[in-house]
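Worksheet: the structure to be examined is printed underneath.
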Amino acid sequence: MTKTTRRHMLRLTAASALAAPAIVSASAVRAQGTTQWRMQALWGGGTTPMLYEEKFCERVKQLTGGSLEITPFSGGQIVPAAQAFDAVRGGAFQMMKTFDGYTAGKIKAHGFSSTVPFGFPEADQYEAWFYERDGLEMARESYAPAGLTYVAPTVYGEEPIHSKVEIRSIADMNGLKGRFVGLAAAVMADFGVSVSPLPTAEVYSALDKGLIDFADRGDIKANYEEGLHEVAKYLILPGVHQPSTATAYVANTAAYDQLDDQQKAALEVAAREVSGALRQNIIVDNGEYLEKYREAGVEIVDFAAEDVAQARASAVESWKKAAGDDELATRMMESQMSLMEELRLL
């Protein structure tokens with residue numbers, strides 16, 4: 001081999017190594033063994049959101065060259081959903097997909113990292129707060145004292161309201177019994193709703209038995225798959241209680257700290273990819289499934305834009321009351337309000 005040819009080959013080898021650092025790194029880790037995690041999600045098996053959790057796990061495996069394998073479990077499959085926080089904290093499994101609203105009663109900041117009632121009407125706006133206005137760092141700050149690491153959010157659009165009784169305006173909700181959780185529970189109570197923070201799994205039966213008049217649960221398609229069209233003949237949009245939604249990948253910090261930089265990056269990349277993919281899927285499915293609701297005899301009710309805008313201005317006081325004297329919750333709220341003002345929502 002001539003010197004020129006050898007130099008050429010060395011340049012090619014170096015270029016290949018630089019072009020595929022993830023593959024080289026993954027091979028080194030794989031030689032030492034595969035890290036195996038378990039993750040419990042929020043959703044029932046076979047539902048659309050659960051399918052995207054499976055895609056997330058597959059993508060992490062692909063990005064790490066197989067050095068990190070996450071086995072997904074549906075909601076309640078390992079422990080009851082209400083126990084997931086403590087189970088991951090204690091190391092029973094390494095990761096959960098959660099909704100921060102469930103822990104907003106104990107950690108006030110979680111009211112603002114899950115959804116903002118009457119807040120961001122577009123999912124992209126809420127996701128921008130996480131990635132462009134330090135929302136992600138503040139969410140991580142909220143979990144750190146518990147020995148947990150907030151990895152990344154999955155952000156999607158509104159969740160509708162399903163009602164057994166006729167509701168035409170926000171004022172019509174006053175005096176009714178409704179199921180809401182997190183910050184939505186506090187805000188809707190301020191709008192005169194008698195709130196029951198029931199678990200997601202109990203929404204269908206509570207509506208069916210008349211224990212509540214109306215409820216939130218999940219997105220339009222997921223709620224149809226759950227059969228809410230059978231027990232509530234009104235579907236109300238926009239979902240003012242949850243105009244945009246963030247669920248979260250949260251890991252046990254001790255387990256997370258044992259990952260290498262590539263594996264940690266893979267979790268964040270896969271999470272953001274799944275966030276966008278699920279959001280786009282929901283956008284497309286909403287039109288199809290609204291028609292299914294109509295065919296099932298459900299009336300679609302649209303709140304007037306003016307009604308929603310006026311209620312948003314009123315909700316600000318509810319946000320402030322919910323944040324109280326909690327420094328992190330207040331910081332989150334003020335950061336979100338600042339972005340809303342720039343977007344001319346306030």
Side-chain angles (χ1 to χ4, degrees), residues 99-102 104-105 108-130 133 135 153 155-163 167-197 213-220 234-247 279 286 300-324 326 329-346:
F99 176 66
D100 285 358
Y102 295 149
K108 288 188 175 182
H110 287 183
F112 297 92
S113 57
S114 51
T115 187
V116 185
F118 297 94
F120 297 107
E122 301 293 339
D124 280 341
Q125 296 168 340
Y126 197 19
E127 190 168 61
W129 174 75
F130 278 98
R133 292 300 176 88
V155 186
Y156 55 93
E158 67 184 336
E159 295 193 352
I161 292 172
H162 296 265
S163 181
I167 297 175
R168 300 288 174 186
S169 69
I170 292 168
D172 290 343
M173 296 187 292
N174 186 21
L176 297 180
K177 296 176 292 183
R179 181 269 181 183
F180 300 95
V181 296
L183 183 57
V187 174
M188 298 305 281
D190 286 345
F191 279 83
V193 177
S194 177
V195 174
S196 295
D213 299 307
F214 68 124
D216 85 309
R217 182 193 173 276
D219 65 72
I220 290 170
Y234 298 93
L235 186 154
I236 300 159
L237 298 172
V240 291
H241 67 291
Q242 199 161 320
S244 49
T245 305
T247 55
R279 182 160 66 248
N286 279 355
I300 312 300
V301 177
D302 292 294
F303 283 148
E306 297 80 5
D307 195 11
V308 175
Q310 290 175 4
R312 183 180 297 123
S314 300
V316 170
E317 293 306 313
S318 297
W319 301 343
K320 292 178 179 178
K321 184 168 70 174
D326 186 277
T330 300
R331 190 157 25 105
M332 280 188 173
M333 178 195 67
E334 290 177 348
S335 173
Q336 291 172 348
M337 288 179 61
S338 175
L339 180 56
M340 287 183 208
E341 288 170 358
E342 292 175 24
L343 297 173
R344 296 186 296 179
L345 297 172
L346 290 175

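Bear in mind that the values here come from a model prediction, so they are computed numbers and not experimental data.
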Can you name the closest pair of heavy atoms from Pro243 and Pro117 and give their distance? CD-CA, 4.2 Å
Among all residues two or more places apart in sequence or in another chain, which pass the side-chain contact (heavy atoms from CB on, under 4.5 Å) test with Ala313? none
List the atom of Leu183, the atom of Ala322, and the distance in Å for their closest heavy-atom pair. CD1-CB, 3.3 Å
Non-hydrogen atoms of Pro160 and Gly218 that approach each other most closely: CD-O, 3.2 Å
Gln336 side-chain N/O to Phe112 backbone N/O, donor-acceptor pair under 3.5 Å: yes
Any residue meeting side-chain contact (heavy atoms from CB on, under 4.5 Å) with Ala104, in chain and number order, not counting sequence neighbours: His110
Got a sec, which pairs hit side-chain hydrogen bond (donor to acceptor under 3.5 Å, both in side chains) with one end in residues 113-123, sequence neighbours left out? Asp100-Ser113
Does Asp124 have any salt bridge (Lys or Arg N to Asp or Glu O under 4.0 Å) partners at least two apart in sequence or in another chain, and if so, which? Arg279
Can you give the donor-acceptor pairs under 3.5 Å from side chains of residues 185-195 to other protein atoms, not counting sequence neighbours?
{"residue": "Asp190", "atom": "OD1", "partner": "Lys321", "partner atom": "NZ", "Å": "2.7"}
{"residue": "Asp190", "atom": "OD2", "partner": "Ser318", "partner atom": "OG", "Å": "2.8"}
{"residue": "Asp190", "atom": "OD2", "partner": "Lys321", "partner atom": "NZ", "Å": "3.2"}

Contacts of type side chain to side chain donor-acceptor pair (under 3.5 Å), residue Tyr234, not counting sequence neighbours: none
List the residues meeting side chain to side chain donor-acceptor pair (under 3.5 Å) with His162, not counting sequence neighbours, and say none if there are none. Asn223
Quick one, Trp129 with Met340, criterion side-chain contact (heavy atoms from CB on, under 4.5 Å). Give me CA distance, side-chain angles, the key distance, then yes/no. CA-CA 10 Å; Trp129 174 75; Met340 287 183 208; over 6 Å; no
Using the six-membered ring wherever Trp is involved, compare the ring planes of Phe180 and Phe214 and label them parallel, tilted or perpendicular (cut-offs 30° and 60°). perpendicular
For Ser169, which residues count as a side chain to side chain donor-acceptor pair (under 3.5 Å) partner, sequence neighbours excluded? Asp172
Could you report the tightest heavy-atom contact between Ala323 and Met333, atom names first, then the distance? CB-SD, 4.3 Å
If I compare all heavy atoms of Phe118 with all of Val308, which pair ends up nearest, and what's the gap? CD2-O, 4.3 Å
I'd like to know if the side chain of Ser244 and the backbone of Pro121 have a donor-acceptor N/O pair within less than 3.5 Å. no
For Tyr156, ring pair (Phe, Tyr, Trp, His ring centres under 6.0 Å) partners two or more places apart: none
Of all pairs that satisfy salt bridge (Lys or Arg N to Asp or Glu O under 4.0 Å), the ones with a partner from residues 334-346, not counting sequence neighbours: Arg133-Glu342
Sorted by first residue and then second, give each salt bridge (Lys or Arg N to Asp or Glu O under 4.0 Å) pair with at least one member in residues 173-182; sequence neighbours left out. Arg179-Asp216
Set of residues satisfying ring pair (Phe, Tyr, Trp, His ring centres under 6.0 Å) with respect to Phe303, sequence neighbours excluded: none
